[in-house]
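Here is the structure we will look at, set down as structure tokens.
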Amino acid sequence: MLRVGIAGIGFMGWIHWLAYQKIEGVQVVAICDQNRVRLSGDWRGIQGNFGPPGEQVDLSNVDAYDNLESLCRADLDVVDICLPPNLHVPAIGLAARQGKHVFCEKPLSLSTSACDLAVQACDRAGRMLMVGHVLPFFPEFAAALEIIESGEFGKPLGGYFKRVISDPGWLPDFYDPEKIGGPLFDLHVHDAHFIRLIAGQPIRVFSSGRCRGSVVKFCHSVFQFDDPDIAMAASSGVIDQAGRPFTHGFEIHLERATIHFEYASLNSGDELMPLKIISSDGVVRRIPLANVGPLSAFCDEIAEMVACVRTGKPSRILSGHLARDAVKICEAESKSVLTRQPVEID
């Protein structure tokens, strides 16, 4: 049985807890939080923009710690870090030094240099660093990735990604560049990671957008790659109209097909353009997907993490190096918006 300790019992800690209950061969045996109410098992104050609200949780067989040092010294195989992004790297270093594998929520950190420290800490300790970039496990993105990697329709030629939310007023530190980093690092990093996964690391980006203080609030980005045939773009950020809390989607161009999907959550009801392949012969084919719940992608993500620890085989999707590259992309986009100049991504 794989033994896991969760550091940070907020919304993502709660989502991870629920996912662990559905995965065989793994058990949460410890938690860590500075909130005494949550250490007692009262998680009813937790809520987010998807999934069930927090509940009263039975912690009778779970060790509860109020400091990370004690958690990392416990008899664990993995420390699951669900702390704010600015606390990720110190926590990763501490867990690695105590001989624990690390599963960390995205983003890995808020700067490339900090990400490098996290990767190096786990490399030195001989421990796995896996980062919870869950997007490739969502059904539409997982199916698109499978189609791309099959090679059936040729190589990627680019495309367009969109990820937009209304203002998250429930997150007081959302626009703090030292704590959460705003929409690029909290929201768009999902698509930066997926772009990196399917097309490699861009060599240059030009972004145009608007800011809240020194933090990008919304931007459009155009990416350039070593391969001149790849034309990739993305839009992401926050709008001030609460009637559309969330929307995301993509149009991915392959040599012999286009893959398309879009979803929007509206106060008037959800709207969906289901996943489809538009092939070179003009045929439009919808891709059937399983009817899954809001936690299924997190269950699949954690199941992959568990398999990696058991087999010793790293995950390409959860790779710390890949997560570092996604942060580097966001860092370059932010610089491009602020300077109004293209930025090289080395």
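When reading the values below, keep in mind they use all heavy atoms of this one structure, side chains included, and skip hydrogens, waters and symmetry mates. Everything numeric here is computed off the predicted structure, so don't read it as measured data.
Using a distance-only test at 3.5 Å, with no hydrogens or angles considered, no donor-acceptor pair links the side chain of S315 to the main chain of S319. Side chain of S334 to backbone of C330: no donor-acceptor contact under 3.5 angstrom is found. Between the side chain of S336 and the backbone N or O of S207 there is at least one donor-acceptor pair closer than 3.5 Å. Remark: side-chain polar atoms of R3 are paired, donor with acceptor, to backbone N or O of D75 under 3.5 angstrom. Put simply, the side chain of W17 never gets that close to the backbone of V57: no donor and acceptor are under 3.5 Å apart. Using a distance-only test at 3.5 Å, with no hydrogens or angles considered, a donor-acceptor pair links the side chain of N67 to the main chain of S70. Here the side chain of W43 pairs no donor or acceptor atom with the backbone of Q56 at under 3.5 angstrom. Put simply, the side chain of R163 never gets that close to the backbone of S236: no donor and acceptor are under 3.5 Å apart.
Defined by atom type and a distance below 3.5 Å, a donor-acceptor pair is present between the side-chain atoms of S111 and S113. Using modelled atom types, one finds no donor on one side chain facing an acceptor on the other under 3.5 Å when comparing Y65 with D33. Looking at S40 and D42, their side chains never bring a donor and an acceptor atom within 3.5 Å of each other. Side-chain polar atoms of S109 and H88 form no donor-acceptor pair below 3.5 angstrom.
Sparse packing is recorded around CD of E24, with 12 or fewer heavy atoms of other residues, nucleotides or ligands lying under 6.0 Å away. Environment of NZ in K335: sparse, with no more than 12 heavy atoms of neighbouring residues, nucleotides or ligands closer than 6.0 Å. Atom CD of E146 sits in a sparse spot, with 12 or fewer heavy atoms from other residues, nucleotides or ligands closer than 6.0 Å. The environment of N267 atom CG is dense: over 12 non-hydrogen atoms of other residues, nucleotides or ligands sit within 6.0 angstrom.
Here the closest non-hydrogen pair linking K100 and L76 is CD-O, 3.1 Å. Counting all heavy atoms, side chain and backbone alike, F223 lies closest to P202 at CD2-CG, 3.9 Å. The two residues V238 and P168 come nearest to each other via the heavy atoms CG2-CD, 4.2 Å. Residues A234 and I195 approach most closely at CB-CD1, 4.4 Å, considering heavy atoms. In plain terms, the two heavy atoms of I147 and S150 that are nearest each other are O-OG, 2.7 Å. Here the shortest heavy-atom pairing between V215 and G182 reads CG1-CA, 3.7 Å.
Distance CG/L318 to CE/M128: 10.5 Å, rounded to 0.5 Å. Note that CZ of R324 is 9.0 Å distant from CD of E331, once rounded to the nearest 0.5 Å. Between E333 atom CD and L184 atom CG the span is 5.5 Å, to the nearest 0.5 Å. Note that the CD1 atom of I23 and the SG atom of C299 stand 4.5 Å from one another [nearest 0.5 Å]. Here the CZ-OG distance, from R285 to S279, works out to 7.0 Å after rounding to the nearest 0.5 Å. Atom-to-atom distance recorded for I252:CD1 and L157:CG is 11.5 Å, nearest 0.5 angstrom.
For the pair D116 and K328, the salt-bridge criterion is not met [side-chain N within less than 4.0 Å of a carboxylate O]. A salt bridge links E149 with R316: the closest approach of a Lys/Arg side-chain nitrogen to an acidic carboxylate oxygen falls below 4.0 angstrom. Between D325 and R196 a salt bridge is recorded (basic side-chain N to carboxylate O distance below 4.0 Å). K155 and E255 are not joined by a salt bridge, as no carboxylate oxygen comes within less than 4.0 angstrom of a charged side-chain nitrogen. Salt bridge status for E55 with R44: absent, with no side-chain N to carboxylate O gap under 4.0 Å.
With F250 as the partner, the ring-ring contact (aromatic ring centres under 6.0 Å, His included) test is satisfied by one option alone out of Y263, Y160, F141: F141. With respect to K162, the side-chain hydrogen bond (donor to acceptor under 3.5 Å, both in side chains) criterion is satisfied by exactly one of E251, E262, H188, H220: E262. Under the side-chain contact (heavy atoms from CB on, under 4.5 Å) test applied with Y175, the options I180, D186, D167 reduce to a single match, D167.
Cluster membership check: I259 shares its hydrophobic cluster with L272, using side-chain heavy-atom separations under 4.5 Å among Ile, Leu, Val, Met, Phe, Trp and Tyr. Hydrophobic clustering, with ILVMFWY side chains joined whenever heavy atoms are under 4.5 angstrom apart, groups F161 together with L275. Put simply, L129 and M12 are part of two different groups of oily side chains (I, L, V, M, F, W, Y) that touch within less than 4.5 Å, one to the next. Cluster membership check: V26 shares its hydrophobic cluster with L59, using side-chain heavy-atom separations under 4.5 Å among Ile, Leu, Val, Met, Phe, Trp and Tyr. Cluster membership check: V131 does not share its hydrophobic cluster with V89, using side-chain heavy-atom separations under 4.5 Å among Ile, Leu, Val, Met, Phe, Trp and Tyr.
Taking 4.5 Å as the limit, some side-chain heavy atom of E301 sits within range of a side-chain heavy atom of V134. By the 4.5 Å heavy-atom criterion applied to side chains, V79 and R127 are not counted as neighbours. A 4.5 Å side-chain heavy-atom check between M305 and V78 finds at least one atom pair inside the cut-off. F225 places a side-chain heavy atom less than 4.5 Å from the side chain of M232. I230 places none of its side-chain heavy atoms less than 4.5 Å from the side chain of P156. Side chains of R204 and I345 form no contact here, defined as non-hydrogen atoms less than 4.5 Å apart. With a 4.5 Å cut-off on side-chain heavy atoms, D66 and R36 count as touching. Residues F137 and I317 form a side-chain contact, since some pair of their non-hydrogen atoms from C-beta on lies under 4.5 Å apart.
Grouping Ile, Leu, Val, Met, Phe, Trp and Tyr residues whose side-chain heavy atoms lie under 4.5 Å apart, directly or via other members, places I239 in a hydrophobic cluster with V164, F218.
Checked against a 6.0 Å centroid threshold, the rings of H133 and F194 do not count as neighbours. Within the 6.0 Å centre-distance limit, the rings of H16 and F103 are counted as a close aromatic pair.
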*Would M130 and V102 satisfy side-chain contact (heavy atoms from CB on, under 4.5 Å), going step by step from the backbone distance to the final call?*
CA-CA 6 Å; M130 294 158 284; V102 177; over 6 Å; no
*asked:* Go through it in stages, so that I can follow the logic: the residues are D240 and K217, the test is salt bridge (Lys or Arg N to Asp or Glu O under 4.0 Å), and I'd like the CA-CA distance, side-chain angles, deciding distance and then a yes or no.
replied: CA-CA 10 Å; D240 293 325; K217 182 176 180 179; 2.8 Å; yes
*Can you check side-chain contact (heavy atoms from CB on, under 4.5 Å) on V29 and D63, steps first, answer last?*
CA-CA 6 Å; V29 298; D63 295 326; 5.8 Å; no
*How far apart are the C-alpha atoms of N86 and D173, what are their side-chain angles, what is the distance that settles it, and do they pass the side-chain contact (heavy atoms from CB on, under 4.5 Å) test?*
CA-CA 11 Å; N86 61 309; D173 297 323; over 6 Å; no
*May I have the step-by-step check of side-chain contact (heavy atoms from CB on, under 4.5 Å) for I46 and I9, ending in yes or no?*
CA-CA 9 Å; I46 298 173; I9 305 300; 3.9 Å; yes
